[in-house]
There are 2 protein chains.
Amino acid sequence: MNLFDFFDTIYPISPEAKKAMEQIIREKSYAKNEIVQEIGSRCRTVYIVKSGSATIFYYKDGNDITEHFAFENDIIVRAESLFTRKPTSKGIQAIDETLMLGIDSESLFLLYDRHHDLERLFRLIFENEYVNTVKRLESLQFKSAKERYLELLESTDIIQKIPLKYIASYLGITQVSLSRIRSGLG
Amino acid sequence: MNLFDFFDTIYPISPEAKKAMEQIIREKSYAKNEIVQEIGSRCRTVYIVKSGSATIFYYKDGNDITEHFAFENDIIVRAESLFTRKPTSKGIQAIDETLMLGIDSESLFLLYDRHHDLERLFRLIFENEYVNTVKRLESLQFKSAKERYLELLESTDIIQKIPLKYIASYLGITQVSLSRIRSGLG
DNA sequence: CTGATTATTTAACATTTGTAAAAGGTTTTG
DNA sequence: CAAAACCTTTTACAAATGTTAAATAATCAG
């Protein structure tokens, strides 16, 4: 789907706003496993996955942890950096060959002053991300690992294609534990 | 602190916007343990805690679970309902004698059209809530219960006054487990 | 195609956390 | 004040998850 068609499903914006946005969007493709944004950087880009898949990841005690997955038409930002202007210890990585649209966030935020509809659009987009995060929190707070795994399986088919090491850490468990759950013993 | 002084520290709004907001705010006090919003209701109010403390809670397998704490000057909303207009299985409860300001959310959202600065202010407020939720997610995903408890203790002094049963479920553990951690054996 | 690399499962054991019940503490209220 | 209600800790045992290492299985690169 075209980006603006996608945006129209959320909140229609004026032709002027579209024109202004086009100036600050760039498309880029990433190879499998390529780093999109380095750990330690500031988040200055709002990404939209056009095809492929990407994660937000970080390291804890030497282990690679997947905090977030993004697939086709998903927004991907490191919120704790984008909205605070501080660097973050998280990075973004392409899982597969991935095509991304990147919107320069500083420019976008400036456009909010002249284009109220753009601020509205992105307010709605990020409110939705906020809601998704609250739901994931609920899942991690008191559901068992097995419940979380089943819930994830039901959320999207694409998850089937993602290597289990990413999925395990996303669920907050080890690969060994995930294997047990999958074999029906967990 | 006065509400508008507090808002000014986030994003200054016009006198007209203040006047419009005053029409949709009501102050109400709640007794200790009083339910502010019932489980199963829709979130149509943005609360601000003036004094006291409140939680977002729900039931899972018969257990009372605390999802969120709010203290003085904190915003408290059930985001998964406020931003989707759907009912939620979570409620809001006062822990202590608590004074709250309630802003009618439907009216607020209507004001966004006429008062761009109000939309800006609340966008910034909820972006901040979103960031807080992401940080909590990170904590629940891969920190140990002990780490989470120590982190919570450092976040605010007020937490010392909150009964441990609320804190245990907020951390995603049982009271027994929290007692073990506190006694240094966990 | 085949060895090398990477991903996944299994096994054995350790640690953490949960469950249920009881025992102390503390607070509330008549 | 004293009984009741509520909160917190402790105990003993069960279940879930982690750790390390090894064994398979699948994929990749020359």
Side-chain angles (χ1 to χ4, degrees), chain A residues 30-35 52-53 55 57 59-66 69 93-98 138-153 158-186, chain B residues 30-35 52-53 55 57 59-66 69 93-98 138-153 158-186:
Chain A
Y30 297 88
K32 182 174 174 172
N33 295 329
E34 187 176 348
I35 299 295
S53 51
T55 66
F57 74 103
Y59 294 102
K60 153 116 185 162
D61 303 334
N63 297 309
D64 187 332
I65 296 180
T66 298
F69 288 117
Q93 182 173 26
I95 302 180
D96 299 309
E97 169 90 35
T98 298
E138 187 185 336
S139 182
L140 280 168
Q141 192 178 350
F142 259 107
K143 288 182 182 164
S144 70
K146 188 173 202 163
E147 284 178 291
R148 299 199 296 275
Y149 178 60
L150 296 176
E151 192 176 63
L152 181 63
L153 283 185
I158 310 172
I159 209 73
Q160 311 275 3
K161 296 177 193 155
I162 304 292
L164 294 174
K165 61 173 179 173
Y166 296 106
I167 293 178
S169 82
Y170 180 81
L171 296 172
I173 57 179
T174 60
Q175 274 188 71
V176 174
S177 207
L178 179 57
S179 263
R180 276 192 287 241
I181 289 167
R182 283 161 56 85
S183 74
L185 309 169
Chain B
Y30 296 89
K32 182 174 175 172
N33 295 328
E34 186 175 348
I35 299 295
S53 51
T55 66
F57 73 103
Y59 294 102
K60 154 116 185 159
D61 304 333
N63 297 308
D64 188 331
I65 296 180
T66 298
F69 288 117
Q93 182 173 24
I95 302 180
D96 298 309
E97 169 89 35
T98 297
E138 188 185 336
S139 181
L140 280 168
Q141 192 178 350
F142 259 108
K143 287 183 182 165
S144 69
K146 188 172 202 165
E147 284 179 289
R148 298 200 296 276
Y149 178 59
L150 295 176
E151 192 176 62
L152 182 63
L153 282 186
I158 309 172
I159 209 70
Q160 311 275 5
K161 295 178 195 157
I162 304 293
L164 292 175
K165 61 172 180 173
Y166 296 105
I167 293 179
S169 82
Y170 179 81
L171 296 172
I173 57 178
T174 60
Q175 274 190 72
V176 173
S177 207
L178 180 56
S179 263
R180 276 192 287 240
I181 288 166
R182 283 163 55 85
S183 74
L185 309 170

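Throughout, a chain's letter reflects where its sequence line sits, starting with A, and its residues are numbered from 1. If you're wondering where the values come from, they're calculated on a predicted model, not measured in any experiment.
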TODO: Apply the test side chain to side chain contact (heavy atoms under 4.5 Å, CB included) to residues A:Y166 and A:I159: give CA-CA distance (whole Å), side-chain angles for both, the deciding distance (0.1 Å), then the verdict.
DONE: CA-CA 10 Å; A:Y166 296 106; A:I159 209 73; over 6 Å; no
TODO: Round to a whole Å and report the spacing from CZ of A:F142 to C1' of C:dT17.
DONE: 11 Å
Task: Residue pair A:Y59 / A:I65, side-chain heavy-atom distance below 4.5 Å - done: no
Open item on the list: What is the distance, to the nearest angstrom, from the CD atom on B:E147 to the P atom on D:dG18?
Closed with: 13 Å
TODO: Please tell me which of the listed nucleotides, C:dT17, D:dT8, C:dT9, lies nearest to the side chain of B:S179?
DONE: D:dT8
List every contact pair, protein side and nucleotides 19-30 of chain D side both N or O, where the distance is under 3.5 Å.
none

Task: Nearest listed nucleotide, side chain of B:I173, among D:dT9, C:dG18, C:dT9 - done: C:dG18
- [ ] Let me know the distance between CD1 of B:I181 and P of C:dT16, rounded to the nearest Å.
- [x] 10 Å
- [ ] Between B:L178 and A:I162, just flag the one whose closest nucleotide in DNA chain C comes earlier from the 5' side.
- [x] A:I162
TODO: Would you check if the side chain of A:Q93 reaches a backbone N or O of A:N33 as a donor-acceptor pair within less than 3.5 Å?
DONE: yes
Task: Mutual orientation of the aromatic rings belonging to A:Y170 and A:F69 [parallel < 30°, tilted 30-60°, perpendicular > 60°] - done: tilted
TODO: Round to a whole Å and report the spacing from CZ of B:R148 to C1' of C:dT17.
DONE: 10 Å
- [ ] Round to a whole Å and report the spacing from NZ of B:K165 to P of D:dC7.
- [x] 4 Å
TODO: State whether the side chain of B:Q141 and the backbone N or O of A:S169 hold a donor-acceptor pair below 3.5 Å, judged by distance alone.
DONE: yes
Task: Separation of atom CG in A:L164 from atom C1' in C:dT10, rounded to whole Å - done: 15 Å
TODO: Measure from CD on A:Q160 to C1' on C:dT8 and round the result to the nearest Å.
DONE: 16 Å
Task: A:I95 CD1 to C:dA7 C1', straight-line distance once rounded to whole Å - done: 14 Å
Open item on the list: Take a 6.0 Å sphere around NZ of A:K32 and say whether it holds more than 12 heavy atoms from other residues, nucleotides or ligands.
Closed with: no
Open item on the list: Could you work out, with side chain to side chain contact (heavy atoms under 4.5 Å, CB included) as the rule, every residue matching A:E138, not counting sequence neighbours?
Closed with: B:Y58, B:E67, B:K90
